[in-house]
Amino acid sequence: MREALKEAQKAFSRDEVPVGCVIVHKGAIVGRGHNQVEMLKDPTAHAEMLALTSAANSLGAKWLNEAAVYVTIEPCSMCSGAMVLARVKSLFYGASDPKTGGCGSVFNIVNSKKLNHRIKVVKGVLEEECAELLKEFFKFKRAKRRGK
C-alpha cells in the first residue's frame, strides 16, 4: 500500500484526485497507476484502470488470476467491474468511498453472485493515511477556489 500511496502523491502533485494503485503478481509489482482523468481528458483514466492495463501488458495476459490489487480508495463501479473481468484474485484498499464505492459501500460488484468471478477484499489498509491525503487534496481545492 505504501507504493500505492506514492502513486497517489504523483496524482496530487499533478492536480488530480490523489488515488494510486499497484498490482502485485508473485511478489513483484507488475502494474502501477494514478489518476490521470484531468490530464488525459478521459473519464476512464482512473488509477486502477491504468494499473490493470499496465499489469496485463507486463504479464502478456488479459486475466490476472494470481494478482493482488492495492489501491488507496475503494474502487468505483467501473474499476470494480474491470477487476472482475480481469479475474483479479484479491483487492486491498485504504479508505472506503461512501459515494461511489463498488466493493461494498454503494455496490458490491466484486462479490456479486450474479457475476462469474469474485474477489477477496481486505479494506482499511493504511486507511487513515489514504483518507488524509484525499481530505488534504479537497481542502486545498476548496481554498484555491476561494482564492486563498
Side-chain angles (χ1 to χ4, degrees), residues 1-40 42-141:
M1 188 61 78
R2 295 262 177 234
E3 290 297 313
L5 277 164
K6 288 178 186 176
E7 290 294 321
Q9 282 287 357
K10 289 179 189 176
F12 192 120
S13 71
R14 294 177 177 135
D15 205 27
E16 297 273 0
V17 175
V19 178
C21 181
V22 296
I23 300 179
V24 176
H25 182 264
K26 296 185 179 178
I29 294 174
V30 295
R32 292 177 176 272
H34 57 274
N35 275 4
Q36 296 182 43
V37 172
E38 301 301 327
M39 183 181 81
L40 298 176
D42 180 354
T44 69
H46 289 196
E48 303 94 321
M49 300 297 284
L50 299 171
L52 285 168
T53 299
S54 175
N57 286 335
S58 176
L59 296 172
K62 65 180 179 180
W63 290 333
L64 307 175
N65 303 44
E66 297 301 315
V69 174
Y70 294 82
V71 63
T72 56
I73 192 169
E74 179 182 358
C76 70
S77 56
M78 173 183 66
C79 295
S80 297
M83 284 187 271
V84 169
L85 292 174
R87 299 185 183 174
V88 165
K89 183 176 184 177
S90 52
L91 165 66
F92 301 85
Y93 71 83
S96 292
D97 186 348
K99 292 184 180 181
T100 64
C103 303
S105 291
V106 178
F107 303 104
N108 197 357
I109 294 167
V110 295
N111 280 299
S112 172
K113 290 184 168 84
K114 293 182 178 185
L115 300 175
N116 67 339
H117 179 74
R118 287 169 217 29
I119 299 171
K120 176 189 168 200
V121 177
V122 177
K123 62 182 180 174
V125 180
L126 299 180
E127 182 175 15
E128 288 180 28
E129 289 178 56
C130 294
E132 189 56 39
L133 187 60
L134 287 159
K135 287 176 193 170
E136 185 182 329
F137 176 78
F138 288 111
K139 182 179 176 182
F140 171 77
K141 293 295 274 185

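Excluded from the calculations below are hydrogen atoms, water molecules and symmetry mates; all remaining heavy atoms, backbone and side chain alike, are included. Keep in mind that this is a model prediction, so the values were computed, not measured.
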Between the main-chain N or O of Val17 and the side-chain N or O of Asn35, is there a donor-acceptor pair closer than 3.5 Å? yes
Could you check if a side-chain atom of Lys6 sits within less than 4.5 angstrom of a side-chain atom of Arg32, using non-hydrogen atoms only? no
Counting only heavy atoms not in Phe137, do more than 12 sit closer than 6.0 Å to its CZ atom? yes
Less than 4.5 Å apart, side chain to side chain, heavy atoms only: is that true for Leu5 and Cys130? yes
Roughly how far, to the nearest 0.5 Å, is the CD atom of Glu7 from the CE atom of Met1? 12.5 Å
Heavy-atom nearest pair, Ala11 first then Pro18, reads CB-CA, 3.9 Å
What residue among Cys79, Cys76, Ser80 forms side chain to side chain contact (heavy atoms under 4.5 Å, CB included) with Ile109? Ser80
Can you check whether Leu133 reaches Thr72 side chain to side chain, under 4.5 Å on heavy atoms? no
Using a 3.5 Å distance criterion without hydrogens, assess whether the side chain of Asn108 forms a donor-acceptor pair with backbone atoms of Gly102. no
Which heavy-atom pair separates Gly31 from Ser54 by the least distance, and what is that distance? CA-OG, 3.4 Å
Could you walk me through whether Glu74 and Lys123 satisfy the salt bridge (charged side-chain N to carboxylate O under 4.0 Å, His left out) test, starting with their C-alpha distance in whole Å, then the side-chain angles of each, then the deciding distance to 0.1 Å, before giving a yes or no? CA-CA 8 Å; Glu74 179 182 358; Lys123 62 182 180 174; over 6 Å; no
Write down the atom of Val30, the atom of Ser58, and the distance for their closest heavy-atom approach. O-CB, 3.2 Å
Straight-line distance of Cys21 SG to Ile29 CD1, nearest 0.5 Å: 10.5 Å
With His34, which of Glu16, Arg14, Lys10, His46 fulfils side chain to side chain donor-acceptor pair (under 3.5 Å)? Arg14
Quick check: closest heavy atoms across Glu38 and Asp15, and the distance to 0.1 Å? CG-O, 4.4 Å
Thr100 vs Val106 side-chain heavy atoms within contact, under 4.5 Å: no
Once side chain to side chain contact (heavy atoms under 4.5 Å, CB included) is applied, do any residues pair with Leu50, and if so which ones, sequence neighbours excluded? Gln36, Ala45
Do the side chains of Val110 and Val88 get nearer than 4.5 Å, heavy atoms only? no
Using modelled atom types only, decide if a donor and an acceptor are shared between the side chain of Ser96 and the backbone of Pro98 within a distance under 3.5 Å. no
Nearest heavy-atom contact between Leu52 and Ala86 is CD2-CB, 4.3 Å
Does any non-hydrogen side-chain atom of Met83 lie less than 4.5 Å from one of Val69? yes
Mutual orientation of the aromatic rings belonging to Tyr70 and Phe92 [parallel < 30°, tilted 30-60°, perpendicular > 60°]: parallel
Would you give the length of the straight line joining atom CG of Leu64 to atom NE2 of His25, rounded to the nearest 0.5 angstrom? 7.5 Å
Looking at every non-hydrogen atom in both residues, tell me the closest pair between Met49 and Ala82 and how far apart they are. SD-CB, 3.6 Å
